[in-house]
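Counting starts at 1 for both ligands and their atoms, following the listed order.
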Amino acid sequence: MIVRSLHTVIGTERDVDAATWNSRRLLLKGDGLGFSLHDTVIRAGTETRMCYRHHFEAVYCIEGRGSIEELSSGVRHAIEPGTMYALDGHDDHVLRADTALRLVCVFNPPLVGDETHGPDGAYPPDPAAAPRQEQR
Ligand code: 9YT
């Protein structure tokens, strides 16, 4: 069994900061469950474009107000405490935080550690999980 409290993660290498968000990674690949679990704060007044082409993500809002826009259709959904969205199609999207949003995020495959978004709005694939190059 793993028991871990947010206060023991804050300020460690599991506490990852980016321009618009702060992600506290309670479970990572090394914990061996096959998914990662994050307590993430999206800063108030920000917009973040993301497209997780190498991962699936589910997000459950527990604090704050904002919206998510699906860029393929322009459809926007309000986000408030109790709203969940799941990116089951590697969806290109923009997350807007009207107030600070506190989100519980689950990634499959799990993040490995201190990943932040690349210029494409994605986390890189886990190098250990990448298909092996054929040997000549
Ligand atoms: C909702 C979302 O994807 N925010 C960006 C941060 C990410 N979820 C993370 O690593 O916690």
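- Applying the side chain to side chain donor-acceptor pair (under 3.5 Å) test to Ser67 and every residue at least two apart in sequence or in another chain returns nothing.
- Under the 30°/60° scheme for interplanar angles, the aromatic rings of Tyr123 and His117 are found to be tilted.
- Atom OH of residue Tyr60 and atom CD1 of residue Ile79 lie 12.5 Å apart, to the nearest 0.5 angstrom.
- Ligand 1 lies within reach of Arg25, whose nearest heavy atom is under 4.0 Å from it.
- A salt bridge does not link Arg25 with Asp114: none of the charged nitrogens is closer than 4.0 Å to a carboxylate oxygen.
- Proximity to Ile42 (heavy-atom distance under 4.0 Å) selects the following atoms of ligand 1: 4 (N).
- In this structure, atom 7 (C) of ligand 1 lies nearest to the protein heavy atom Tyr123 OH, 3.2 Å.
- Thr99 places no side-chain N or O within 3.5 Å of a backbone atom of Gly64 that could act as its donor or acceptor partner.
- Closest protein heavy atom to atom 8 (N) of ligand 1: Glu57 OE2, 3.0 Å.
- Under the salt bridge (charged side-chain N to carboxylate O under 4.0 Å, His left out) criterion, Arg24 pairs with Asp39, sequence neighbours left out.
- Looking only at heavy atoms of the protein, atom 1 (C) of ligand 1 is closest to Tyr85 OH, 3.4 Å.
- At a 3.5 angstrom cut-off on N or O pairs, Trp21 does not count as close to ligand 1.
- Among protein heavy atoms, the minimum distance from atom 5 (C) of ligand 1 is reached at Tyr52 OH, 3.5 Å.
- Atom-to-atom distance recorded for Trp21:CH2 and Arg43:CZ is 9.0 Å, nearest 0.5 angstrom.
- Not a single heavy atom of Thr48 lies less than 4.0 angstrom from ligand 1.
- Among protein heavy atoms, atom 11 (O) of ligand 1 sits closest to Thr40 OG1, 2.6 Å.
- Between Glu69 and Arg96, the closest heavy-atom pair is OE1-NH1, 2.8 Å.
- Interface atoms of ligand 1 facing Phe107, defined by a heavy-atom separation under 4.0 Å, are 8 (N).
- For ligand 1 and Leu103, the ligand atoms under 4.0 Å from any heavy atom of the residue are 1 (C).
- Proximity of Pro81 to Ile62: side-chain heavy atoms (C-beta onward) are nowhere separated by under 4.5 Å.
- Heavy-atom proximity to Ser23, at under 4.0 Å, picks out these atoms of ligand 1: 9 (C), 10 (O), 11 (O).
- Residue Leu95 has at least one heavy-atom neighbour below 4.0 Å for each of these atoms of ligand 1: 1 (C).
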